[in-house]
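This report concerns only the one structure given below.
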Amino acid sequence: LSSKEILRDLVLISRFTKKIRVYSSEDAEAVLPEARKLNMQVHYGMWLSGDPENNKREIALAKKLIPEYYATISSVIVGNEVLLRGDLEIGELIEIIRDFKVLLAEQEKITPMRYHQPRVTTAEIWNLWIVYPELAQEVDFINIHVLPYWEKIKAEEFVPYFKNIYNEVTTAFPTKRVT
C-alpha cells in the first residue's frame, strides 16, 4: 500500500480506536509515519522466524525505527508465536526481549514520556506462558493469544472458555498485567 492508502485506512480505523498493531518492522516502517500524523499509538510487533538473517534485519530495522517514533509506540512485541512454531528457543527469545528492554530504557532517558512508556512483551498462545514461566518474568506484561478455532471450541462455549484461560494465566502471574 502507498502512504496515502495507509493514511486513508488509518483515518477510518481511528473512528473506532486510537491503537493499532503491526506484525513486522517492514509494516511499522510504512505505518508509523502515518499513525504519528493522526496521534495514533502503535503496538510495534517484530516478525521473528527460524531464519537468523531475516531476524537480524527485522531487529536492526526495529532498533532504527523505535527511537525515531518512540512517542508513537505503545508497546514492543518481540515475536509472534515463535515458541509455538519452534522458530526460536526460549533462551533466544528472552535474550532479544532483554535487548529491547535496554533499548527502551535508554530511549526513555533521551525522550521521557509524560503519559506512557512503551513496554516490551512477546505474543504467544496462552498455555505457553504457563509452560515457560521464566518468559513471564522477562516481559512487562503478558500478551496471550487464545485460538478457539484451533482448539475446537464452539462459539457458544467461547466466553466461559476464555474466562477460564484468563483466570488461569492471571492466577499463575498475579503481578503481571495480562492482555
Side-chain angles (χ1 to χ4, degrees), residues 10 17-85 87-126 128-145 166 169-179:
L10 290 178
T17 183
K18 294 296 181 191
K19 289 189 178 187
I20 59 168
R21 179 178 174 186
V22 296
Y23 284 81
S24 72
S25 291
E26 186 177 299
D27 291 345
E29 188 172 36
V31 170
L32 282 166
E34 307 313 318
R36 180 162 58 187
K37 290 175 187 174
L38 299 172
N39 292 317
M40 293 182 80
Q41 291 289 294
V42 175
H43 294 285
Y44 188 123
M46 285 182 281
W47 189 261
L48 301 177
S49 68
D51 183 331
E53 290 306 312
N54 283 342
N55 291 348
K56 284 179 189 175
R57 286 189 295 275
E58 184 75 11
I59 289 167
L61 184 53
K63 287 182 175 184
K64 175 186 168 223
L65 293 172
I66 289 170
E68 184 177 349
Y69 293 97
Y70 184 69
T72 304
I73 297 169
S74 180
S75 68
V76 176
I77 303 167
V78 179
N80 188 72
E81 299 178 354
V82 297
L83 297 177
L84 174 65
R85 291 190 313 272
D87 289 341
L88 295 177
E89 297 293 325
I90 184 69
E92 295 172 301
L93 180 57
I94 286 173
E95 185 177 322
I96 299 167
I97 288 168
R98 286 178 178 168
D99 190 34
F100 275 90
K101 287 181 82 169
V102 168
L103 175 75
L104 290 182
E106 290 171 356
Q107 189 60 42
E108 180 64 17
K109 290 176 189 172
I110 297 166
T111 313
M113 296 300 292
R114 195 173 211 184
Y115 301 109
H116 85 284
Q117 178 183 357
R119 299 289 183 217
V120 181
T121 191
T122 188
E124 285 293 343
I125 60 169
W126 69 273
L128 286 179
W129 292 96
I130 306 295
V131 171
Y132 297 107
E134 64 271 31
L135 182 60
Q137 301 311 312
E138 299 293 336
V139 298
D140 296 316
F141 65 97
I142 296 173
N143 187 352
I144 63 171
H145 286 178
Y166 186 80
V169 176
T170 56
T171 299
F173 307 106
T175 63
K176 296 285 181 173
R177 184 172 55 111
V178 177
T179 61

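Values below: all heavy atoms of this structure, side chains included; hydrogens, waters and symmetry mates excluded. What you see is a predicted model; the values in this text were computed from it and never measured.
Note that Lys63 lies in the cation-pi zone of Phe100, set by a 6.0 Å cut-off to the ring centre and a 45° limit from the axis.
Inter-residue side-chain proximity for His43 and Val22 is flagged as unmet; no heavy-atom pair is nearer than 4.5 Å. The closest side-chain heavy-atom distance from Lys18 to Asn39 is not below 4.5 Å. A 4.5 Å side-chain heavy-atom check between Phe173 and Val178 finds every atom pair outside the cut-off. Contact of the Ser49 side chain with the Asn55 side chain is registered, since non-hydrogen atoms from C-beta on lie closer than 4.5 Å. Looking at heavy atoms from C-beta onward, Met40 lies in side-chain contact with Ile20 at the 4.5 angstrom threshold. Ile144 is not listed as a side-chain neighbour of Leu128, based on a closest heavy-atom distance of 4.5 Å or more. Counting only heavy atoms from C-beta outward, the side chains of Trp129 and Leu135 approach each other to under 4.5 Å. Taking the side chain as every heavy atom from C-beta outward, Ile73 and Leu32 approach each other to under 4.5 Å.
Closest heavy-atom contact between Ala172 and Ile130: CB-CD1, 3.7 Å. The nearest pair of heavy atoms linking Glu58 to Gly45 is OE2-O, 4.2 Å.
Here the straight-line distance linking atom OG1 of Thr72 with atom CD of Gln41 works out to 6.5 Å at 0.5 Å rounding. Atoms OH and CD, from Tyr70 and Glu108 in turn, are 4.0 Å apart once rounded to the nearest 0.5 Å. Between the CG atom of Leu83 and the CD atom of Glu92 there is a distance of 9.5 Å, given to the nearest 0.5 Å. Here Leu10 contributes atom CG and Thr17 contributes atom OG1; the two are 11.0 Å apart, rounded to the nearest 0.5 Å. Distance CE/Met46 to OG/Ser24: 11.0 Å, rounded to 0.5 Å. The CG atom of Leu104 sits 9.5 Å away from atom NZ of Lys101, with the distance rounded to the nearest 0.5 Å.
Between the side chain of Lys176 and the main chain of Val139, a donor-acceptor pair closer than 3.5 Å is present. Glu34 places no side-chain N or O within donor-acceptor distance of the main-chain N or O of Val31, the cut-off being under 3.5 Å. Counting only distance, with no hydrogens or angles, the side chain of Arg85 and the backbone of Asn80 share a donor-acceptor pair below 3.5 Å. Side-chain atoms of Thr122 come within 3.5 Å of backbone N or O of Val78 as a donor-acceptor pair. Not a single donor-acceptor pair under 3.5 Å links the side chain of Glu138 to the backbone N or O of Leu93. Looking at Thr121, its side chain never comes within 3.5 Å of a backbone N or O of Ile77 through a donor-acceptor pair.
No option in Ser25, Ser74, Ser75 other than Ser25 meets the side-chain hydrogen bond (donor to acceptor under 3.5 Å, both in side chains) test with Tyr44.
Within 6.0 Å of the CD atom in Gln137, the count of heavy atoms belonging to other residues, nucleotides or ligands exceeds 12. At most 12 non-hydrogen atoms from other residues, nucleotides or ligands lie less than 6.0 angstrom from NZ of Lys64.
Using a 4.0 Å cut-off between charged nitrogen and carboxylate oxygen, Glu95 and Arg98 do not count as a salt-bridge pair. With salt bridges taken as basic N to acidic carboxylate O contacts below 4.0 Å, none links Lys109 and Glu106. A salt bridge is defined here as a Lys NZ or Arg NE, NH1 or NH2 lying under 4.0 Å from an Asp or Glu carboxylate O, and Arg177 with Asp140 fails to meet this definition.
There is no side-chain donor-acceptor pair under 3.5 Å between Asn143 and Arg119. Side-chain polar atoms of Glu124 and His145 form no donor-acceptor pair below 3.5 angstrom.
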Stepwise side chain to side chain contact (heavy atoms under 4.5 Å, CB included) check, Val42 with Lys19: CA-CA 6 Å; Val42 175; Lys19 289 189 178 187; over 6 Å; no

Worked check of side chain to side chain contact (heavy atoms under 4.5 Å, CB included) between Lys56 and Ile59: CA-CA 5 Å; Lys56 284 179 189 175; Ile59 289 167; over 6 Å; no

